[in-house]
Amino acid sequence: MTGRSKFEVLKTHSARLWWSLENNSPFISKPSSGMFTEVRLTPPGDARPLVGYYYKFVWEIIEGYFYPSKPPLPKRKTILLNKVPYPDYAEEVILDGQVVGHIFYDLKQRRFRFKPLYFLVEESVKNRHGYYAVVDLPRLSRGFTIKEDSILSSNLPASDRDEYIMLGTANGRYYGIGVRVRSNRIYTLKSWLAKPSSWLDKDPSMLEVVKFNEAALREKEEEAIRFIRSLKEKYNLPVFVSLSGGKDSLVTLHLAIKALGQENVTAIFNNTGLEFDETVEFARKVAEHYGVDFIEADAGDNFWRGLEIMGPPARDYRWCCKVTKFSVLARTLKSAFPGGAISLVGQRKYESSARAMSPRIWRNEWLPSIIAASPIQDWTALDIWLYIFLEKLPVNKLYYVGFDRLGCWLCPATELGEIEIAKKAKPELYRKWENYLKSYAEKHGLPSEWVDCGLWRWLQPPKDILKECPASYKDQRGAQYQVSKKEDKLEFILLARPTTKLVPEKLLNLTISSPTIKLKKVQVEDNKLVIEPERVLTPRDVETLERVFMRAYYCAGCLECASNCPVGAISIDEKNGGIKINNDACKQCSLCNLKCPIAEYTLKTRGQS
């Protein structure tokens, strides 16, 4: 991100959260009276309530740290979680208006762990709970190593067990957290000055929390409804809601119907072929529940056909989005709304730095006739959940078994900890994917860490991930072919043939017949394309021909080319497989070559384009 880091952007756009000391309840807006404190959350501060199975799961992690004694903190009905930066998955645990620790997924140990913090550390050290050490030092400083002779009393983890040690000075002024190093020495990771704190008295239910926040929620609702109505009035276009099956798009649909009426709203669900069955079923049932028109943009098996050619998708290699989302949606929307439409999406600025910088209304570059807008751009996850409880909305049941985000179940943007949680609910599904990854790694000479640490999620994993899981390898994905020049000929040689059907040979001849590239001869062989140009080819010419070669030999039938063809000359060849071209309609603009995701992402991995 130009100018500012992602964290700086999120810090600027961080949400605020208040906590009533009298009611022991979170408040989404600053209370006008009473005793309260502002909770200092790590940006972006997108806290959400701990619900369902995940409540039990988180509590078991905390109990596991303190075992065999019980955790010295009350087990409240209302506990919040807030995602924080870590090498992989981690969340702050907020209880009684205080951050009491982090739960996180340890890449090295392949397990979930708990790191106690602040008041919980102070309580534990004072009452001798868990792993602790009271030290004879005037203060604690980050990065300082505490020697054994400075430890007055302690309960240290076994030398072979890597657990955090809660620290406190004998004078009670400083507390911290550390880890054991070399014999009984302790390395201080974090320290802070003691401050007055205590557990609160009351334990409100989530419904009581909703009641405390009802007025603020109604204000947000009214603003969103005004926003939707103003969009309709300004653009006078049909309105649809991009229904994902998740909580944010659910609230967006609910608000749209309140604003415009069910007869004026359409729900569109992009079934990527990688959705959980529960999500597909939920999206259909929600549309039926509200009585709105429902359109399902179905990508079928586009992903699996592309996977044979491209290998696993990655955060820096998202070919999957084009073949399962953009091309499918583009065709569906062109058909459903040929004159354009308003797309209401469940986007929130606290989800990512990119969304934090996004305007509330924008034109989608993939769908230029569509005006996209987010009525809930300024809502937090807590706002969403409290509104769901307030309005008694149906919720995708996957949230209650530990899922935080819903969408493609093998998305490379998913944290490894989230995948581990999902595996508990969907073991067969993830076993299938893991077996594929192991087979791919073995075939391409990739180390075990590529699968075990989830390194497949990047072409070039970030340094903090590689620090936890060191590995050295070359990861080149995409269509596998070789380019060579022999005398006045240019050869493209297929190295690995996918099982998909080939595009008819006429596609080669037609798409190469560009006014800018004159060819003497085109020879099509089973695994080779030989080209004799009339002139010396420039690097750009060679890239153009590479794109044509990949489109012909590696077509996955995603129809991204058809979606972008300005004259509608490209369609699926139902009889022979692949695609076909209307010769009379084609203008030889070569836009199809530029838009092919197989060519686009393969060239990126080969260091071109």
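Taking a cutoff of 4.0 Å between a charged side-chain nitrogen and a carboxylate oxygen, K521 and D488 do not qualify as a salt bridge. Between E442 and K438 there is no salt bridge, since no side-chain N of the basic residue sits under 4.0 Å from a carboxylate O of the acidic one. Between R431 and E428, at least one side-chain N (NZ, or NE/NH1/NH2) sits under 4.0 Å from a carboxylate O, which counts as a salt bridge.
At a threshold of 4.5 Å between non-hydrogen side-chain atoms, the residues R477 and M310 do not count as touching. Between L591 and P566 there is a side-chain heavy-atom pair separated by less than 4.5 Å. Side-chain contact check for P375 versus I228: some heavy-atom pair is nearer than 4.5 Å. Here the side chains of P597 and C558 are in contact, with some heavy-atom distance below 4.5 Å. S571 places a side-chain heavy atom less than 4.5 Å from the side chain of K580. When side chains are defined from C-beta on, S242 does not count as touching F269, because their heavy atoms never get closer than 4.5 Å. Residues L255 and T252 form no side-chain contact, since every pair of their non-hydrogen atoms from C-beta on lies 4.5 Å or further apart. By the 4.5 Å heavy-atom criterion applied to side chains, R457 and D316 are not counted as neighbours.
Defined by atom type and a distance below 3.5 Å, a donor-acceptor pair is missing between the side-chain atoms of Y89 and E420. T272 and T324 share no donor-acceptor pair across their side chains, judged by distance under 3.5 Å alone.
Side-chain N or O atoms of N582 include one that pairs as donor or acceptor with a backbone N or O of A585 at under 3.5 Å. Counting only distance, with no hydrogens or angles, the side chain of R547 and the backbone of A599 share no donor-acceptor pair below 3.5 Å. Judged by distance alone, the side chain of T538 and the main-chain N or O of D541 form a donor-acceptor pair under 3.5 Å. Counting only distance, with no hydrogens or angles, the side chain of S249 and the backbone of L243 share no donor-acceptor pair below 3.5 Å. Counting only distance, with no hydrogens or angles, the side chain of Y554 and the backbone of Q480 share a donor-acceptor pair below 3.5 Å. Remark: side-chain polar atoms of N271 are not paired, donor with acceptor, to backbone N or O of G300 under 3.5 angstrom. Between the side chain of N270 and the backbone N or O of A297, at least one donor-acceptor pair lies under 3.5 Å. Side chain of D293 to main chain of T266: no donor-acceptor pair is present (N/O by atom type, distance under 3.5 Å, no hydrogens or angles). Checking side-chain atoms of K334 against main-chain N and O of S563 turns up a donor-acceptor pair under 3.5 Å. Panel note: side chain N302, backbone V323; a donor-acceptor pair is recorded below 3.5 Å.
Note on ring orientation: taking the six-membered ring where Trp is involved, the planes of Y436 and Y440 are tilted (angle from 30° to 60°).
Other residues, nucleotides and ligands place no more than 12 heavy atoms under 6.0 Å from the CD atom of Q460. Within 6.0 Å of CD on Q476 lie more than 12 heavy atoms contributed by other residues, nucleotides or ligands.
V483 and R606 get closest at one heavy-atom pair: CG2-NH2, 4.2 Å. When all heavy atoms of A314 and L459 are compared, the pair lying nearest together is CB-N, 3.9 Å. Nearest heavy atoms, I598 versus M550: O-SD, 4.1 Å. Residues V328 and T332 approach most closely at O-OG1, 2.9 Å, considering heavy atoms. A pairwise comparison of heavy atoms in P533 and I531 identifies CD-O, 3.6 Å as the closest pair. Scanning all heavy atoms of the two residues, the minimum distance from R318 to A413 falls at NH2-CB, 3.6 Å.
The distance between the ring centers of F282 and F276 does not fall below 6.0 angstrom. For W409 and Y430, the ring centers sit closer than 6.0 Å to each other. Centroid-to-centroid, the aromatic rings of W458 and W450 stay 6.0 Å apart or farther. Side-chain rings of W379 and Y387 approach one another, their centers coming within less than 6.0 Å.
Evaluation of the ring pair (Phe, Tyr, Trp, His ring centres under 6.0 Å) test over residues 224-244, restricted to residues two or more places apart or in two chains, returns F240-F337. Residue pairs meeting the salt bridge (Lys or Arg N to Asp or Glu O under 4.0 Å) criterion with at least one partner in residues 273-284, sequence neighbours excluded, are E278-K426, E281-K285, R284-E296. Contacts classified as side-chain hydrogen bond (donor to acceptor under 3.5 Å, both in side chains) and involving residues 390-407 (residues at least two apart or in different chains) are given here: R48-D404, K83-D404, R218-E391, H254-E391, K258-E391, T279-N396, R405-T414. Sorted by first then second residue, the salt bridge (Lys or Arg N to Asp or Glu O under 4.0 Å) pairs that include residues 367-384, not counting sequence neighbours, are K220-D383, K349-D378. Evaluation of the salt bridge (Lys or Arg N to Asp or Glu O under 4.0 Å) test over residues 227-250, restricted to residues two or more places apart or in two chains, returns D248-R348.
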Apply the test side chain to side chain contact (heavy atoms under 4.5 Å, CB included) to residues F492 and L545: give CA-CA distance (whole Å), side-chain angles for both, the deciding distance (0.1 Å), then the verdict.
-> CA-CA 9 Å; F492 296 94; L545 296 175; 3.8 Å; yes
Verify side chain to side chain contact (heavy atoms under 4.5 Å, CB included) between Y473 and L455, making sure each step is shown before the conclusion.
-> CA-CA 11 Å; Y473 58 91; L455 300 182; 3.5 Å; yes
Assess whether side chain to side chain contact (heavy atoms under 4.5 Å, CB included) is satisfied between Q347 and W362, documenting all intermediate values.
-> CA-CA 12 Å; Q347 172 177 298; W362 68 96; 3.7 Å; yes
Step by step, would you call L410 with I419 a side chain to side chain contact (heavy atoms under 4.5 Å, CB included)?
-> CA-CA 8 Å; L410 51 70; I419 292 175; over 6 Å; no
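One distance of note links CG of L416 with CG of D88; it measures 5.0 Å at 0.5 Å rounding. In this structure, K423 NZ and E418 CD are separated by 14.0 Å, a value rounded to the nearest 0.5 Å.
For R360, the salt bridge (Lys or Arg N to Asp or Glu O under 4.0 Å) test picks out E223, with sequence neighbours left out.
For the pair K322 and F326, the cation-pi criterion (under 6.0 Å, within 45° of the ring axis) is not fulfilled.
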